[in-house]
Amino acid sequence: QAQLVESGGGLVQAGDSLILSCVDSGLDFVTYDKSWFRQTPGKEREFVAGIKWSTSSTYYGDSVKGRFAISMNNAKSTVYLQMNNLNPEDTAVYYCAASSLYRWGAFSTTPSTYENWGQGTQVTVSS
């Protein structure tokens, strides 16, 4: 059973940077695709960034390309999200997720294909 725990959220000003961390203590972290999603009230969960376990290839949502970076440390069972040049539109609850369903296929950015989720961490960007 996966146990994903996010940390690092908070209140920052526009233009600031923030690093989110997600530690897993329950599953075979290395062989799961990992992603970050975000959600605001009344909206669907949005793909932010992801990393393929087998190739370390990274993927980004259009709204964060060039500003955010995902990375992982398998020895620490941790995935990170470096967020730079934050703006108020980045305000959301950020969720870490891990998927085994497509581990042998193409990388998925669809929330329903991720079976393991953290509890979320709030990021608020003031203007």
Side-chain angles (χ1 to χ4, degrees):
Q1 184 71 29
Q3 294 182 357
L4 303 176
V5 179
E6 303 99 333
S7 62
L11 173 62
V12 297
Q13 293 185 333
D16 285 352
S17 297
L18 206 58
I19 300 176
L20 304 183
S21 299
C22 173
V23 179
D24 167 60
S25 60
L27 50 68
D28 186 5
F29 183 82
V30 174
T31 61
Y32 279 61
D33 290 342
K34 276 79 71 175
S35 285
W36 289 93
F37 292 83
R38 66 187 183 187
Q39 190 169 25
T40 55
K43 292 188 177 181
E44 294 186 352
R45 200 159 288 189
E46 175 191 10
F47 172 78
V48 176
I51 188 164
K52 186 68 179 175
W53 75 273
S54 55
T55 61
S56 296
S57 297
T58 57
Y59 305 83
Y60 297 95
D62 289 340
S63 61
V64 306
K65 284 180 181 176
R67 299 189 298 123
F68 290 13
I70 188 172
S71 62
M72 63 183 177
N73 184 325
N74 288 328
K76 295 183 177 181
S77 295
T78 302
V79 60
Y80 304 96
L81 183 66
Q82 171 74 50
M83 304 186 294
N84 299 322
N85 193 22
L86 286 161
N87 59 62
E89 289 69 39
D90 296 316
T91 295
V93 177
Y94 284 72
Y95 296 92
C96 172
S99 174
S100 65
L101 299 180
Y102 288 82
R103 73 173 85 183
W104 305 113
F107 186 83
S108 174
T109 62
T110 304
S112 62
T113 63
Y114 287 76
E115 74 271 29
N116 302 289
W117 292 85
Q119 81 290 349
T121 185
Q122 176 71 47
V123 173
T124 303
V125 184
S126 63
S127 57

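Treat the numbers as computed from the prediction; the structure is a model and nothing was measured. Values below: all heavy atoms of this structure, side chains included; hydrogens, waters and symmetry mates excluded.
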Single hit among Phe68, Tyr94, Tyr95 for side-chain contact (heavy atoms from CB on, under 4.5 Å) with Leu20: Tyr94
Path from Val23 to Val48 over hydrophobic side-chain contacts below 4.5 Å: no
Same cluster (ILVMFWY, side-chain, under 4.5 Å), Leu18 and Met72: yes
Value rounded to 0.5 Å, distance of OG in Ser108 from CZ in Phe47: 8.5 Å
Distance (rounded to the nearest 0.5 Å) between Trp53 CH2 and Phe107 CZ: 13.5 Å
Short side-chain to backbone donor-acceptor contact, Ser99 and Thr113, under 3.5 Å: yes
Charged N-O contact under 4.0 Å between Asp33 and Lys52: yes
OG on Ser56 to CG on Asn74, rounded to 0.5 Å: 7.0 Å
Any side-chain donor near an acceptor of the partner, Ser71 and Gln82, under 3.5 Å: no
Same cluster (ILVMFWY, side-chain, under 4.5 Å), Val5 and Tyr80: no
Co-membership, hydrophobic cluster, residues Val64 and Ile51, 4.5 Å side-chain: yes
Beyond-backbone contact of Met83 with Val123, side-chain heavy atoms, under 4.5 angstrom: yes
Thr91 (side chain) donor-acceptor with Val125 (main chain) under 3.5 angstrom: yes
Side chain to side chain contact (heavy atoms under 4.5 Å, CB included) evaluation trace for Ile70 with Tyr60: CA-CA 9 Å; Ile70 188 172; Tyr60 297 95; 3.6 Å; yes
NZ on Lys34 to CG on Asn116, rounded to 0.5 Å: 11.0 Å
Side-chain heavy atoms of Arg38 within contact of Thr40, under 4.5 Å: no
Spacing of CD belonging to Gln39 relative to CD belonging to Glu46, to within rounding of 0.5 Å: 10.0 Å
Non-hydrogen atoms of Pro111 and Phe37 that approach each other most closely: CG-CE2, 3.6 Å
For the student: nearest non-hydrogen atoms of Ser127 and Ala14, plus distance: CA-CB, 4.3 Å
Pair Gln119-Glu6, side chain to side chain contact (heavy atoms under 4.5 Å, CB included): steps then yes or no: CA-CA 7 Å; Gln119 81 290 349; Glu6 303 99 333; 2.8 Å; yes
Distance (rounded to the nearest 0.5 Å) between Ser35 OG and Trp117 CH2: 8.0 Å
